[in-house]
Amino acid sequence: MFDKMTLSVLANHARAAAENMAHTLHRTAHSAFVKETQDFTVMLMDRAGDTFAVPMELGATWYPGLTYGRAIEMVEDYRPGDVAFTNDPYSGHVATHAPDTHLWKPVFADGEIVAWTGGHIHNTDMGGAVPASLSRSLTEIHQEGIRFPPMKLVREGVFDEQILRIMETNVRKPTLNIGDIKALVGALNTGERKVQAMIQRFGKSGFVNGVAALMDQAEAQARAVLAQIPDGDYVFADYADEDSDQANPCRLKLTLKIREDSAVLDFTGSDPQLASSLNVPSGGDPRHTMLLVGVYYVLYSLNPRILLNTGLTRPFTCIAPEGTVLNPVAPAAVGMRSLTCARLRSVIFGAFSQAIPDRMPAAPAGNNCIVNVMTRDERSQKSVIAAVNPVVGGGGGMPHRDGTNGSGADAAYLKNTPIEITETEVPVEFVRYGLAQDSGGAGYWRGGLATEMAFRVFAPDTRITARNRDRSFFRPWGVMGARRRTCPTWS
């Protein structure tokens, strides 16, 4: 048994290890979308592949409850120095769209696996029908780029060059992809060294038992939060503007059933799977991290000291019927699942606001709009594919203050890339990038202001896409009588 002080020391060691992994990746990545925008994750996992530590300062905040277990089991005969990977949303249900490439590495002690290091990077492009691989108009996953089921990328410290050659042949910017992947391998190696240091300090059995205790502590903290919320069935629905090129709205419905210190999230009544790429491939996992991201945010808002690990998911059970937008059947397209996930988070916030309206913020603005540019740099005579800053709305009005300006609120981890860096790497000229005046909506505490961006391109045949554009038809909802109208704009 761990006493509270020793367990706290282990938790701090684990978080520091994850932070070191994040800094390694952040400082060595090649693409601006990883090194500047920070669309990546790193984590430490127990021997079953359940996350027990994530960074707090760098990277995405979606995955503290992610488990790699099903993907890990699809690869055989792990040895020291091996690194496995996948980007296939339908193999192991770790990756959720093709650009997200997940890697994991075993950590051995006395000849057995005692932990894993892992993480993902969002590749700039994985091939497919459109630059950057993502478009609402795509109808099946085969159009969204090359996919790799779980397999070994590194064998006992040596990269599989055949896999790298296959990737080079099928993606538009192989140097960026492979550079980012190798940076992530470096981060996993950093994590491995830090885990070995923890094993040396706490002992092998002490480390393993301590990790299990961290999971149990997070579970207890989550249950304590739920126990403070009145029991009941709380129903909420919200809509994405368009489910396809036909511009029909996409409905997500949630019945949140809270009973003492546990909860069921029943998504029955959400739309059937779509003939577009807005589907969320949860694989029917009752605790899939994509279905619970909004829950993590609620729990952390109500208890900022809560441990962020897979233990948080144990009090929750999700019901997402097969063949629906939140549990599609292959080969449904899934590339734009981030838009649906943004609406899913607002649905979860809305359900909790029915239970505790005086403790919850109003809805955040629409999802982060990621602007991608494919053009030609006349200076170098090379083609360029790049993400040009997220364009976001503001945070929802809070019970005690205005919403946060220029932040995606529930996806605020995406950082602004300084325009000087973007103009250096991409042949564009920024005309305007800042806060949109009076875009926060009305209320005793108003919503946060949106951002707006305008830039010029100069090469003919330049292609620009803006994924995740939303909230043009269905406004973000208010709480306790307030109104909202925060929408990002770009031109």
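As a basis for the values below, the full set of heavy atoms in this structure was taken, side chains included, without hydrogen atoms, waters or symmetry mates.
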With a 4.5 Å cut-off on side-chain heavy atoms, are [Y] and [X] touching?
| X | Y | result |
| --- | --- | --- |
| M126 | E144 | no |
| I385 | N372 | no |
| Y90 | V334 | yes |
| V42 | P55 | yes |
| I141 | P89 | yes |
| I356 | P230 | yes |
| V325 | L252 | yes |
| T255 | T268 | no |

So does [Y] get a backbone contact from the side chain of [X], meaning a donor-acceptor N/O pair under 3.5 Å?
| X | Y | value |
| --- | --- | --- |
| E73 | R70 | no |
| Q273 | V329 | yes |
| N303 | Q221 | no |
| T451 | V392 | yes |
| N327 | G284 | yes |
| N87 | A98 | yes |
| H288 | M290 | yes |
| R172 | V130 | yes |
| H30 | L176 | no |

Which pair of heavy atoms, one from [X] and one from [Y], lies closest together, and at what distance?
| X | Y | result |
| --- | --- | --- |
| S282 | H93 | C-ND1, 4.0 Å |
| I348 | G294 | CG2-C, 3.8 Å |
| D231 | Y234 | O-OH, 3.4 Å |
| A95 | D100 | CB-O, 3.6 Å |
| M360 | F349 | CE-O, 3.7 Å |
| A32 | T417 | O-OG1, 4.5 Å |

Run the salt-bridge test on [X] and [Y] with the 4.0 Å N-O cut-off and return the result as yes or no.
| X | Y | answer |
| --- | --- | --- |
| R223 | E219 | yes |
| D77 | R79 | yes |
| K35 | D180 | no |
| R136 | D241 | no |
| K173 | D125 | no |

Show every donor-acceptor pair shorter than 3.5 Å between a side-chain atom in residues 316-324 and any protein atom, with sequence neighbours excluded, or say none if there are none.
residue : atom : partner : partner atom : Å
T324    : OG1  : P321    : O            : 2.6

Hey, mind stepping through D160 and M151 against side-chain contact (heavy atoms from CB on, under 4.5 Å) and telling me if it holds? CA-CA 10 Å; D160 188 321; M151 62 179 66; over 6 Å; no
Answer yes or no: are there more than 12 heavy-atom neighbours, outside [X] itself, under 6.0 Å from its atom [atom1]?
| X | atom1 | answer |
| --- | --- | --- |
| E156 | CD | yes |
| R259 | CZ | yes |
| Q228 | CD | yes |

Would you please test H120 and V94 for side-chain contact (heavy atoms from CB on, under 4.5 Å) and show each step? CA-CA 10 Å; H120 96 279; V94 173; over 6 Å; no
Do you see a donor-acceptor pair shorter than 3.5 Å between the side chains of [X] and [Y]?
| X | Y | value |
| --- | --- | --- |
| K105 | N189 | yes |
| Y296 | T61 | no |
| T37 | D39 | no |
| T86 | S91 | no |

Straight-line distance of [X] [atom1] to [Y] [atom2], nearest 0.5 Å:
| X | Y | atom1 | atom2 | answer |
| --- | --- | --- | --- | --- |
| D238 | W477 | CG | CH2 | 7.5 Å |
| E192 | L188 | CD | CG | 9.0 Å |
| I121 | T41 | CD1 | OG1 | 9.5 Å |
| L274 | N279 | CG | CG | 4.5 Å |
| D285 | R287 | CG | CZ | 8.5 Å |
| L326 | D271 | CG | CG | 9.5 Å |

Step-by-step salt bridge (Lys or Arg N to Asp or Glu O under 4.0 Å) determination, D50 to R314: CA-CA 12 Å; D50 294 337; R314 294 175 182 171; 5.9 Å; no
As a quick check of understanding, evaluate side-chain contact (heavy atoms from CB on, under 4.5 Å) for L299 and L312, giving each step before the final call. CA-CA 9 Å; L299 293 175; L312 293 178; 4.2 Å; yes
Parallel, tilted or perpendicular: which describes the rings of W116 and Y78, with under 30° parallel and over 60° perpendicular? perpendicular
Should the ring pair F85 and F148 be called parallel, tilted or perpendicular, given that the plane angle runs from 0 to 90° and is split at 30 and 60?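 Tilted, since the angle between the ring planes falls between 30° and 60°.
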Partner of T117 under side chain to side chain contact (heavy atoms under 4.5 Å, CB included), chosen from L103, V107, V83: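 Testing each of L103, V107, V83 against T117, the sole residue satisfying side chain to side chain contact (heavy atoms under 4.5 Å, CB included) is V107.
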Go through the steps to decide whether L153 and L164 satisfy the test side-chain contact (heavy atoms from CB on, under 4.5 Å), and finish with yes or no. CA-CA 8 Å; L153 175 65; L164 297 182; 4.1 Å; yes
